[in-house]
Each structure stands twice: as C-alpha cells, then as structure tokens.
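Reviewing the structure listed below.
Index from 1, following the sequence.
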Amino acid sequence: MCLSVPSQVVEIHDDASVTVDTMGVKRRVSSHLMSEPLSIGDYVLIHIGFVMNKIDHHDAQESLALYQEIVASMNEHGE
C-alpha cells in the first residue's frame, strides 16, 4: 500500500517538471504523466517522483491536517 501526502505546486518548469511543497519540503518532480496542465497552487499526489493526479484543494487540506495530527502524536510519544 502506498500513501501519498498532498503536495502543492509552487513552480512550473519548461521541461515538464514542477517544484512542489510537501509539508514544508520542496522538491522537483516530473509532470510527464499528467494529461491536464498544472498551475501554481494546484495540489497533486506524487508517486516515485511523478505527479500522478491533481486533487481538490479542500480534500488536500483535510489530508494535510490529518498527517499533521499523526506527526504531532508521534512527537508526543517520542516516536
């Protein structure tokens, strides 16, 4: 099973790659597999360095809130 944290597109490059922000970590990934164009501010799901699909802003925010709760809980318990 693969879990993907929603990432926000923060920069679009000429070579069909984009820079995304995943909970404060920025990285460049490929958008070659996307059939629809991406825009700055879009939320996407990434698998092994490729954007797989766009997701709704509201759904992305809900998922990110849950991930932040998990991280906070793990920090509380020293994990």
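Under a hydrophobic clustering in which Ile, Leu, Val, Met, Phe, Trp and Tyr are joined whenever their side-chain heavy atoms come within less than 4.5 Å, directly or via other members, Ile55 and Met52 fall into different clusters. Under the 4.5 Å side-chain heavy-atom criterion for grouping Ile, Leu, Val, Met, Phe, Trp and Tyr, Val20 is connected to Met34 within one hydrophobic cluster. Note: the hydrophobic cluster containing Leu66 does not contain Val71 (ILVMFWY, side chain heavy atoms under 4.5 Å, direct or indirect links).
Within the 4.5 Å cutoff, the side chain of Val29 has heavy atoms near those of the Val18 side chain.
Side chain of Ser73 to backbone of Glu69: no donor-acceptor contact under 3.5 angstrom is found.
Other residues, nucleotides and ligands place more than 12 heavy atoms under 6.0 Å from the OH atom of Tyr67.
When all heavy atoms are compared, the tightest approach of Ser7 to Ile46 is OG-CD1, 3.7 Å. Scanning all heavy atoms of the two residues, the minimum distance from Ile40 to Val10 falls at CD1-O, 3.8 Å. Closest non-hydrogen pair, Arg28 versus Ser17, comes out as NE-OG, 2.9 Å.
With values rounded to the nearest 0.5 angstrom, Leu64 atom CG is found 6.5 Å from Met23 atom CE. Taking OG of Ser31 as the start and CG of Leu38 as the end, the distance is 5.5 Å to the nearest 0.5 Å. Going from atom CG of Asp15 over to atom NE2 of His32 covers 6.5 Å, rounded to the nearest 0.5 Å. Remark: Asn53 CG to Glu36 CD distance equals 8.5 Å, nearest 0.5 Å. To the nearest 0.5 Å, atoms NZ (Lys54) and CG (Leu45) are separated by 12.5 Å. Here the CG atom belonging to Asp56 is positioned 11.0 Å from the CG atom belonging to Asp42, to the nearest 0.5 angstrom.
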